[in-house]
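Working notes, structure below.
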Amino acid sequence: MNGTDFSIFNIFTMLGGLAFFLYGMNVMSTGLEKLTGGKLESALQRLTSNKFKALLLGMGITIAIQSSSAMTVMLVGFVNSGLMSLEQTIAVCFGADIGTTFTAWILCLGDINDSSGGGLLQTALKMLKPESFSPLVALVGVFLIMFAKKNKKKDIGRILVGFAVIMTGMSLMSDSVDPLANSPEFREMLTAFENPVLGVLVGAGFTGIIQSSAGSIGILMAFSKSGALTYGMAFPIIMGCNIGTCVTALLSSFGVNRDAKRVACTHILIKIIGTLVLLPVVIIFESTGWFSILNEPVGYIGIAIMHTVFNVAITIILLPFAKQIVALSKLIVRDKKGEETETESSSLKGLDKRFLKTPAVAVETCRSTTIEMANITSAAINDALELLISEYNDEKAKSVIEAEDLIDHYEDKINSYLVRLSKSSITGKDSRRVAKMMHCVGNFERISDHAVNLIESVQECKEKGIKFSDECINELKVISEAISENISIAFNSYITDDLNAAHKVEPLEEVVDNLSTELKNRHICRLQNDECTVELGYIFQDVLTNLERISDHCSNIAGCLIETDEKTNLHAYLHDIKENDETFRNEFRLYSERFFDRLDEVIAQEK
């Protein structure tokens with residue numbers, strides 16, 4: 001690279017450096033996104049009512065995951081799924097635009113000059129140069145990936161390796177353009193960029209192709225090493241880079257609803273309007289000579305400053321007109337009859353495939369959907385229990401059956417989504433959450449099946465004109481009360497990730513089994529004494545069997561939480577607590593006393 005001629009091999013080196021840069025950005029942003037665990041992203045749904053908070057949140061998330069494109073794709077997904085409104089996203093977009101400038105400042109490390117000064121100062125400055133510390137960063141990262149036991153440390157290792165690869169790519173690109181410093185042909189080519197409109201178009205086109213404004217800024221910084229690139233040439237190119245990065249948002253908007261398309265539209269409008277406002281100002285300043293610096297050579301820091309100034313300036317200028325930008329996006333992307341109604345009626349709005357690009361967000365939204373499924377299941381089974389012991393209500397019976405159909409749909413969609421999600425690169429913690437969801441949604445669905453079975457038993461009695469005796473009804477009230485409480489404990493333990501509550505499910509499940517056995521024995525006595533018909537006896541047995549199964553599935557839900565979070569074998573755990581756990585025995589005794597006392601009260605009242 002010490003020659004003065006620019007050859008095909010320099011182009012190969014530049015392209016290789018760009019490949020290293022883009023790959024390093026991908027590795028680092030993936031590691032950073034996994035490290036956040038979806039916490040920052042989930043805050044988007046809660047903290048976007050205030051423009052200033054939304055702006056800071058957009059900045060924070062983009063800096064954390066080092067990708068404004070990923071941020072915008074998330075927003076498209078949130079709006080498409082109905083979790084956010086179009087109006088809530090615009091301030092976040094502005095924040096993401098400012099946050100993405102942080103990458104350019106990191107790249108400025110490659111322009112540190114260590115030639116001046118001596119001794120300790122020169123050594124300190126040299127250590128700040130990427131080619132000095134990147135190998136050490138890469139070494140630490142590789143050691144963490146290879147030898148760390150915790151996934152969190154492995155993610156940190158990937159971030160460090162990604163950073164080292166980025167800096168290696170920057171060094172390769174910078175070295176490849178060194179010969180251009182003395183190339184008259186290159187300087188002549190650059191004169192074309194004295195036309196600011198051409199600079200905007202080239203910046204937008206190149207960034208649109210590689211889909212990375214950071215990559216374009218990196219190449220621009222590498223070219224600045226030639227000394228032939230001025231501030232006046234670079235600023236329009238930077239504006240174009242900011243427009244070109246909207247291509248990712250545009251691609252993610254295919255196949256989504258109108259409001260989600262408008263998110264991508266507002267993102268593009270912000271950059272285009274910002275360029276239309278600021279580009280004439282730059283042209284005027286350059287032509288009048290008011291800012292002589294525009295004609296001077298630009299360096300890494302100058303490019304980073306212009307990148308930041310552009311995004312901060314358009315935020316200051318355009319944020320007060322957020323409502324007008326939203327209105328303009330609605331004029332460009334017009335409504336179609338029936339489309340919004342269809343979107344609003346979607347029951348599984350959180351499971352958007354765009355979130356799979358940011359797995360932590362996908363896990364969070366999928367969990368929200370499973371909680372919604374759990375609440376629907378809980379309401380359905382409680383309605384079924386109420387119908388079992390009270391007067392028949394056709395509307396309520398119909399709602400339970402419809403809920404079961406909906407829950408089946410939830411199970412199909414959630415499981416399909418979780419299978420795709422499990423193939424993504426997710427953290428150990430998120431992997432455990434996925435495992436719990438896959439296990440629990442099946443139990444929710446089976447509980448809803450048993451709710452329908454109970455409804456069918458009630459309907460059979462109604463159709464045949466038979467009914468349970470008051471004694472049977474009172475007994476069913478006791479066991480239904482125990483079932484309802486176990487459902488509440490098990491479902492809440494899943495929704496709140498409460499292991500203490502999960503440990504209370506198994507003692508109550510054992511009591512339910514004992515209650516079922518007791519009620520079966522009592523019913524046999526009634527049959528023997530001709531106090532009940534065989535036909536009613538079969539229905540009663542079916543009811544008790546379904547109630548037992550419901551309680552079993554509650555136990556499965558709680559057991560899954562305990563097994564996954566406490567990393568224990570469920571069968572060994574159950575055997576151990578029943579044999580040796582004093583807390584289990586106390587809980588079991590208290591539940592037994594409570595519900596069997598209720599059963600005794602029922603008998604006393606009947607007598």
Side-chain angles (χ1 to χ4, degrees), residues 37-38 42 77 81-83 346-353 355-356 359-384 399-424 426-454 483-484 486-499 501-502 505-506 509 546 548-566 570:
S42 62
S81 59
L83 300 176
S346 174
S347 58
L348 295 167
K349 54 190 178 181
L351 305 183
D352 195 295
K353 63 182 180 181
F355 294 148
L356 294 171
V361 181
V363 172
E364 190 66 32
T365 54
C366 198
R367 176 167 160 76
S368 297
T369 307
T370 60
I371 289 173
E372 188 176 346
M373 179 186 182
N375 289 330
I376 295 170
T377 306
S378 178
I381 189 62
N382 281 315
D383 283 347
S399 72
V400 172
I401 294 169
E402 289 175 350
E404 196 273 335
D405 289 337
L406 178 60
I407 290 162
D408 284 347
H409 185 54
Y410 266 81
E411 186 196 28
D412 290 341
K413 295 294 183 182
I414 292 172
N415 278 335
S416 297
Y417 195 78
L418 287 173
V419 168
R420 295 175 67 185
L421 181 55
S422 63
K423 295 175 182 177
S424 305
I426 55 178
T427 64
K429 180 181 178 182
D430 283 341
S431 180
R432 289 192 295 274
R433 295 173 79 189
V434 167
K436 284 190 285 189
M437 284 187 276
M438 292 182 83
H439 186 93
C440 289
V441 293
N443 283 287
F444 295 149
E445 191 276 332
R446 290 298 297 135
I447 288 172
S448 73
D449 287 343
H450 291 298
V452 171
N453 291 345
L454 292 175
I483 295 288
S484 183
N486 217 12
I487 289 167
S488 177
I489 296 170
F491 281 44
N492 285 333
S493 70
Y494 172 77
I495 292 169
T496 62
D497 267 329
D498 187 350
L499 282 179
V505 172
E506 189 59 31
E509 199 280 327
N546 279 292
E548 275 189 83
R549 295 289 182 269
I550 292 166
S551 188
D552 289 339
H553 288 296
C554 290
S555 177
N556 290 342
I557 293 167
C560 173
L561 302 183
I562 294 166
E563 185 175 36
T564 305
D565 290 341
E566 296 186 357
L570 184 58

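Any value given below was found using the heavy atoms of this structure, including those in side chains, with hydrogens, waters and symmetry copies removed.
A donor-acceptor pair under 3.5 Å is absent between the side-chain atoms of Ser555 and the main chain of Ser551, judged by distance alone. Of the possible donor and acceptor atoms, one in the side chain of Ser416 sits under 3.5 Å from a partner among the backbone N and O of Asp412. The closest donor-acceptor contact from the side chain of Thr377 to the backbone of Met373 lies under 3.5 Å. Arg367 places a side-chain N or O within donor-acceptor distance of the main-chain N or O of Ile495, the cut-off being under 3.5 Å. Judged by distance alone, the side chain of Thr365 and the main-chain N or O of Ala362 form a donor-acceptor pair under 3.5 Å.
A side-chain donor from one of Thr370 and Tyr494 sits under 3.5 Å from a side-chain acceptor of the other.
The heavy-atom pair separating Cys366 from Ile414 by the smallest distance is SG-CG2, 4.1 Å. Looking at every heavy atom in both residues, Ala501 comes nearest to Ile489 through O-CG2, 3.2 Å. In terms of heavy atoms, Ala451 sits closest to Ala380 at CB-O, 4.3 Å. Considering all non-hydrogen atoms of both residues, Ser484 and Asn382 come closest at OG-OD1, 3.0 Å. Between Val400 and Ala384 the shortest heavy-atom distance is CG2-N, 4.1 Å. Closest approach of Ser422 and Val434 over heavy atoms only: CB-CG1, 4.4 Å.
The structure places CG of Leu421 at 10.5 Å from CZ of Arg433, a figure rounded to the nearest 0.5 Å. For the atom pair CD1 of Ile550 and CD1 of Ile483, the computed distance is 6.0 Å after rounding to the nearest 0.5 Å.
Considering only heavy atoms from C-beta on, Met438 comes within 4.5 Å of Val419 through its side chain. Using a 4.5 Å heavy-atom cutoff, the side chains of Asp497 and Lys436 are in contact. At a threshold of 4.5 Å between non-hydrogen side-chain atoms, the residues Ile447 and Phe491 count as touching. Side-chain contact between Asp408 and Asp449: present, with at least one pair of heavy atoms (C-beta onward) separated by less than 4.5 Å. The shortest side-chain heavy-atom distance between Asn556 and His439 falls under the 4.5 Å cut-off. In this structure, Asp383 and Ser399 have side chains that are in contact, with non-hydrogen atoms separated by less than 4.5 Å. Using a 4.5 Å heavy-atom cutoff, the side chains of Val505 and Ile557 are not in contact. Looking at heavy atoms from C-beta onward, His450 lies in side-chain contact with His553 at the 4.5 angstrom threshold.
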Query raised in the report: Can you check side chain to side chain contact (heavy atoms under 4.5 Å, CB included) on Met437 and Val363, steps first, answer last?
Result: CA-CA 9 Å; Met437 284 187 276; Val363 172; 4.1 Å; yes
